[in-house]
Amino acid sequence: MTPPARFSASPIVRVLAVESSCDETAAAVIEDGRRVLASLVASQADLHAQFGGVFPEVASRQHIRTIYPIIDTTLKEAHLDLSDVDAIAVTRGPGLPGSLVVGINAAKGLALASGKPLIGVNHLEGHIYSAWLDWPPLAAGEEREFKPAPHFPLVILIVSGGHTELVFMRDHLQYERLGATLDDAAGEAFDKVARLLELGYPGGPVIQKIAEKGDPRAFNFPRAWLEDTWNFSFSGIKTAVLREVKRLKETADKLPVENLAASFQAAVVDVLVGKTLQVARNFEAREILVVGGVSANKPLRSAFLGQEEFPVHIPPLALCTDNAAMIGAAGHFRYLHGQRDALNIDVMPNWPLTEV
Ligand code: KG4
Ligand code: ZN
């Protein structure tokens with residue numbers, strides 16, 4: 001198959017990427033680390049909703065069903081064959097072991113069959129590199145300017161279902177972890193509070209939706225500032241919501257779910273934004289990145305984009321939650337850096353970003 005023509009002085013690098021760390025099976029083809037030729041995500045959210053969270057065995061079984069068809073369709077959408085890509089990037093961790101294994105085995109199979117190099121990518125590094133991607137995917141034959149790349153040094157807020165971290169990035173592939181949550185991740189708090197309010201799973205989008213009809217000042221939930229550290233804590237606020245729900249169930253006819261959701265969301269957003277701006281000031285960052293599933297949150301986006309102190313990059317909604325395009329972007333920079341992994345690499349379910 002003839003790959004679509006592109007304008008570029010240096011040889012074009014194309015990476016096929018695979019992601020299966022949690023409950024999304026995804027594949028993508030990325031060109032030069034920034035252009036998306038195709039990106040598909042098969043979400044299992046509906047499948048897990050009945051359990052109120054991700055059921056690991058169900059997730060890995062579903063990944064097995066979906067992974068090869070999604071890779072196939074992604075290549076077709078990009079108008080490419082496996083022989084047209086330069087490398088195969090795959091999420092190696094952190095994530096659910098049984099889910100990661102499916103993606104890494106598929107990627108190993110493709111690498112073995114094609115002779116293309118295999119590149120294991122850290123899922124959090126993937127979220128960070130989602131900020132480099134141009135969106136939406138390019139149509140065949142389409143040419144367009146890249147959106148401006150982030151400028152170093154950067155302060156990055158990673159907010160997802162499993163992680164809430166503040167990272168300092170001086171240059172490509174260099175990470176210094178400044179702080180992290182001491183207990184629940186921000187997304188996890190959204191999910192747990194949604195369960196408490198009987199709103200379903202995943203919690204972030206449902207809380208955001210119902211909060212639109214609520215008053216964010218109705219309840220003054222605690223903000224854990226943890227002064228003198230760059231860490232977060234979200235278990236206190238979750239407990240405060242629980243206490244309030246118990247109290248209201250005894251005294252009120254109907255739970256004011258809208259006000260509870262809006263007040264909870266406002267407290268989480270206050271801390272995430274306030275703390276990130278403090279860190280950016282303190283470390284003299286040039287720009288800020290906000291990435292990960294919770295960066296899809298509307299009030300969080302508005303708060304970051306509404307301030308004028310720092311330019312802020314937040315990926316488009318499709319690239320906030322798990323996807324393979326971000327793994328392809330990170331895989332591209334790792335490929336340029338010379339990373340080539342052996343075909344016997346194993347998954348790393350607890351792989352910290354600082355050990356990549
Ligand atoms: O990055 P992600 O897709 O998976 C992980 O790597 O964890 O993040 C999923 C998390 C879930 O906890 C979900 O509730 C949260 O992101 N999330 C949101 C929103 N959309 C997804 N949280 C708040 N507001 C949203 N709109
Ligand atoms: Zn993620």
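This one's a predicted model, so the numbers in the text were calculated from it and none came from an experiment. In each ligand, atom 1 is the first atom listed, and ligand 1 is the first ligand listed.
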**Fill in**
Within 4.0 Å of some non-hydrogen atom of Gly203, the atoms of ligand 1 are 14 (O)

**Prompt:** Taking all non-hydrogen atoms of both residues, which atom of Leu272 and which atom of Phe234 are closest, and how far apart?
**Reply:** CD2-CZ, 3.8 Å

**Request:** Kindly indicate whether a cation-pi arrangement holds for Arg340 with Tyr335, taking the cut-offs as under 6.0 Å to the six-membered ring centre and within 45° of the axis.
**Result:** yes

**Request:** Check each atom of ligand 1 against the heavy atoms of Gly187 and keep those under 4.0 Å away; list them by number with element.
**Result:** 12 (O)

**Asked** What do you reckon, does Asp322 have a nitrogen or oxygen under 3.5 Å from a nitrogen or oxygen of ligand 1?
**Response** yes

**Prompt:** Would you say Gly162 and ligand 1 have an N/O pair spaced under 3.5 Å apart?
**Reply:** yes

**Request:** Grab the two heavy atoms, one from Glu165 and one from Ala180, that are nearest each other, plus how far apart they are.
**Result:** CG-CB, 3.9 Å

**Message:** Any nitrogen or oxygen of Gly161 lying under 3.5 Å from a nitrogen or oxygen in ligand 1? Just yes or no.
**Reply:** yes

**Prompt:** Are Arg281 and Gln278 linked by a side-chain donor-acceptor pair shorter than 3.5 Å?
**Reply:** no

**Prompt:** Any chance the side chains of Ser233 and Asp183 put a donor and an acceptor closer than 3.5 Å?
**Reply:** yes

**Message:** Quiz question: by atom type and distance under 3.5 Å, do the side chains of Asp23 and His63 form a donor-acceptor pair?
**Reply:** no

**Request:** Check the Zn ion (ligand 2) and write out every protein N, O or S atom at under 2.8 Å, as residue and atom.
**Result:** His123 NE2, His127 NE2, Asp322 OD1

**Item:** Heteroatom proximity flag, Pro202 to ligand 1, N/O under 3.5 Å
**Value:** no

**Asked** Any idea which part of His127 is under 4.0 Å from ligand 1, heavy-atom wise: side chain, backbone, both or neither?
**Response** side chain

**Message:** What protein heavy atom lies closest to atom 22 (N) of ligand 1? Include the residue and the distance to one decimal.
**Reply:** Gly204 CA, 3.2 Å

**Asked** Relative to the heavy atoms of Pro205, which atoms of ligand 1 are at a distance of less than 4.0 Å?
**Response** 19 (C), 20 (N), 21 (C), 25 (C)

**Distance-only polar pair, side chains of Asn297 and Gln265, donor-acceptor under 3.5 Å** = yes

**Asked** In terms of residue, atom name and distance, what is the protein heavy atom nearest to atom 17 (N) of ligand 1?
**Response** Gly293 O, 3.5 Å

**Asked** Nearest to atom 26 (N) of ligand 1, what protein heavy atom do you find, and at what distance?
**Response** Gln208 OE1, 2.8 Å

**Request:** May I ask you to check whether Glu31 and His332 show a side-chain donor-acceptor distance below 3.5 Å?
**Result:** no

**Complete:** If you scan protein heavy atoms around atom 24 (N) of ligand 1, the nearest is Asn297 ND2, 3.0 Å

**Request:** Flag the pair His172 / Tyr129 as yes when their ring centroid distance falls below 6.0 Å, and as no otherwise.
**Result:** yes

**Fill in**
Looking only at heavy atoms, the pair that brings Pro311 and Arg286 closest together is CD-O, 3.5 Å

**Request:** Could you check which of Ile158, Val294, Thr321 puts a non-hydrogen atom nearest to atom 15 (C) of ligand 1?
**Result:** Val294

**Complete:** of all protein heavy atoms, closest to atom 6 (O) of ligand 1 is His123 NE2, 3.2 Å

**Prompt:** Are Asp84 and His79 linked by a side-chain donor-acceptor pair shorter than 3.5 Å?
**Reply:** no

**Request:** Check each heavy atom of Lys298 against ligand 1 and say whether those closer than 4.0 Å belong to the side chain, the backbone, both or neither.
**Result:** neither

**Prompt:** Would Gln339 and Asp341 count as having a side-chain donor-acceptor pair, cut-off 3.5 Å?
**Reply:** yes

**Prompt:** Which of parallel (below 30°), tilted (30 to 60°) and perpendicular (above 60°) describes Phe219 and Phe221?
**Reply:** parallel

**Message:** Side chains of Ser60 and Gln62 only: does a donor on one sit below 3.5 Å from an acceptor on the other?
**Reply:** no

**Prompt:** Out of Asp191, Asp23, Leu317, who gets a non-hydrogen atom closest to atom 11 (C) of ligand 1?
**Reply:** Asp191

